Amino acid sequence: MSPRQQPRRPSRSRGERFTVLDPATGEAFGEAPDQQPDELDAVVGRAHEAWRSWRSDPAARTTALLASADAVEAAGGDLAPLLTREQGKPLAESYAEVARTAARLRYFAEMAPEPRTITDGRPVHSEIRWRSLGPVAAIVPWNFPLQLASAKFAPALAAGNTVVLKPSPFTPLATRLLGSVLSAALPEGVLTIVTGREPLGALLATHPGIRHVTFTGSVPTGRAVAAGAAPGLARVTLELGGNDAAVLLDDVDVGRIADRLFWAAFRNCGQVCMAVKRVYAPARLHSQVTEALAERAKTVVVGAGLDPGTELGPLNNAAQLARVERCTARALADGAQAVAGGHRLDRPGYFYAPTVLADVPPDSPVVTDEQFGPVLPVLPYRSLDEAVEAANATRFGLGGSVWGTDLDRAGAVADRLECGTAWINHHAELSLAQPFAGIKDSGVGVAGGPWGLYGNLRPFVVHRPREA
């Protein structure tokens, strides 16, 4: 398809809406506009018009983004409960997500690309400057709707681009509210939220007016996004999940790290791309590690995210619950033992018992694939080389961690992991200033820090003679 050709747009009647379910009950509690695909032309057109002035005034961008951060913080009391209601996570985690959204806006607000002069002996002055790309499509999943949205639109806006943001149809409401909050600080057309069921997202990614597509989600959908963006030669940034391994060394203090390791795997009900999804423990410590994790799984408070005592909420949707059930059932059928959990909870909503598995075959899908739920296999190893080889034997390469007392030794093992980020004695902790990227099937491109800003820019080189 030529970049100038319009993608095919299936028609829907205007004014349609779709329901949003509360994952703690499985019942509808809200609805959002099911926007028509043929509305995208006008949306992208407005984004392009807004880009003309937005890109030309860095000082105004800084002021607007700082005001946006203040507005998000002020709206936390409205945003966080709505986020919990549609996503399921405990309320404290929703407040943390809102705070992270504001912090990211503030971080990028005053970041500006640095011009660079090239000195190479030629009688010309060469300067590299930076220009924005144009309208950016940001397509966001349901596990961290606000945080991942801001990870895309904050650097894009700071770079001078405009953004069309599409949240998951499972979690559109808090994002729509966020858009309303930001509309008071941002000029019209700079950030537009579109909501709807497929093929809306696919058509946004293929729209010829979009110059950069940034997507977080599954590998198959990411491949489709890349293929759809290719005819128009739009830039793509893809974060496609992970199957992070935690390698425990033989000097690890199990009692000391068990709680941190548990939450590295089970936070947000395991629905974290860079969560620990496999644990490799020395054979002599395997039972101790398994029992320590199982004890925490059995005692953690599972419930609705709005309940004050809840530590672990439900899975977000029925399809994800079914996936976790299938994955765990397959492992149990293949001989794995559920040391904790292993079953759906008998209550309304999409609750699955926090599950720790032992005796898991290494080729079981719960080991080789991304389960994306509250299920953690613990596998024994007999040599460190065996553990590293197993940790790397996956098509994913997002993150990994090494746990032990000797930090130098742990660091040497971390250097052998095939992933974008490796942690020592902790996991899934990110600074706004650091790059975040995966290898292999975990994605293409870099987010975070200055790298996230420059990923939304293109170089523009000006040559002129040194002497008149």
Side-chain angles (χ1 to χ4, degrees), residues 6-10 12 14 16-20 30-48 50-51 82-83 86-87 101 133-157 161-183 186 189-218 220-229 232 234-240 316-317 445 447 456:
Q6 297 295 322
R8 186 180 178 188
R9 308 292 172 85
R12 295 176 184 160
R14 292 187 181 277
E16 285 190 13
R17 301 179 74 82
F18 62 93
T19 58
V20 180
E31 58 181 22
D34 196 10
Q35 292 180 257
Q36 298 181 89
D38 61 11
E39 294 180 66
L40 290 177
D41 290 337
V43 168
V44 176
R46 287 192 295 271
H48 192 275
W51 176 50
L82 183 58
L83 176 58
E86 66 178 351
Q87 201 283 331
T101 299
L133 304 174
V136 173
I139 303 173
V140 180
W142 42 258
N143 58 332
F144 289 94
L146 303 187
Q147 187 168 316
L148 290 175
S150 67
K152 299 178 185 306
F153 68 66
L157 295 179
N161 303 293
T162 54
V163 176
V164 180
L165 169 63
K166 182 195 174 295
S168 164
F170 291 112
T171 53
L173 301 180
T175 306
R176 279 177 55 78
L177 179 57
L178 176 66
S180 178
V181 168
L182 294 176
S183 67
L186 298 173
V190 167
L191 174 64
T192 305
I193 314 296
V194 295
T195 60
R197 295 168 290 187
E198 288 307 317
L200 189 67
L203 290 172
L204 176 61
T206 63
H207 196 285
I210 293 295
R211 303 313 311 146
H212 179 197
V213 183
T214 172
F215 167 84
T216 299
S218 70
T221 305
R223 288 196 174 107
V225 165
R235 185 178 298 184
V236 293
T237 301
L238 308 174
E239 194 272 282
L240 305 180
N316 174 257
N317 57 76
N456 284 282

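Just so it is clear, the structure is predicted and the values come from calculations on it, not from any experiment.
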[atom2] on [Y] to [atom1] on [X], rounded to 0.5 Å:
| X | Y | atom1 | atom2 | answer |
| --- | --- | --- | --- | --- |
| Thr192 | Leu182 | OG1 | CG | 11.5 Å |
| Ile210 | Leu203 | CD1 | CG | 12.0 Å |
| Thr162 | Leu157 | OG1 | CG | 8.0 Å |
| Ile193 | Gln35 | CD1 | CD | 10.0 Å |
| Thr101 | Leu146 | OG1 | CG | 5.0 Å |

Testing the basics here: between [X] and [Y], what is the closest heavy-atom pair and its distance to 0.1 Å?
| X | Y | answer |
| --- | --- | --- |
| Leu238 | Gly222 | CD1-O, 3.6 Å |
| Val163 | Ala156 | CG2-CB, 3.7 Å |
| Leu200 | Pro37 | CD1-CA, 4.0 Å |
| Val213 | Ala229 | CG2-CB, 4.2 Å |
| Ser218 | Phe215 | O-CE2, 3.8 Å |
| Ser150 | Pro155 | O-CD, 3.6 Å |

Would a distance-only check, ignoring hydrogens and angles, find a side-chain to backbone donor-acceptor pair under 3.5 Å from [X] to [Y]?
| X | Y | result |
| --- | --- | --- |
| Asn161 | Leu133 | yes |
| Asn316 | Glu86 | yes |
| Thr195 | Pro33 | yes |

Under 4.5 Å between any side-chain heavy atoms of [X] and [Y], yes or no?
| X | Y | answer |
| --- | --- | --- |
| His207 | Asp41 | yes |
| Asn456 | His212 | yes |
| Phe153 | Leu186 | no |

(Q) Looking only at side-chain N and O atoms, does Thr216 offer a donor or acceptor that is under 3.5 Å from a partner on Lys152? (A)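 Looking only at side-chain atoms, Thr216 and Lys152 do form a donor-acceptor pair, the distance falling under 3.5 Å.
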Please set out all donor-acceptor pairs under 3.5 angstrom arising from side-chain atoms of residues 166-176, sequence neighbours excluded.
residue : atom : partner : partner atom : Å
Lys166  : NZ   : Gly196  : O            : 3.4
Ser168  : OG   : Phe170  : N            : 3.0

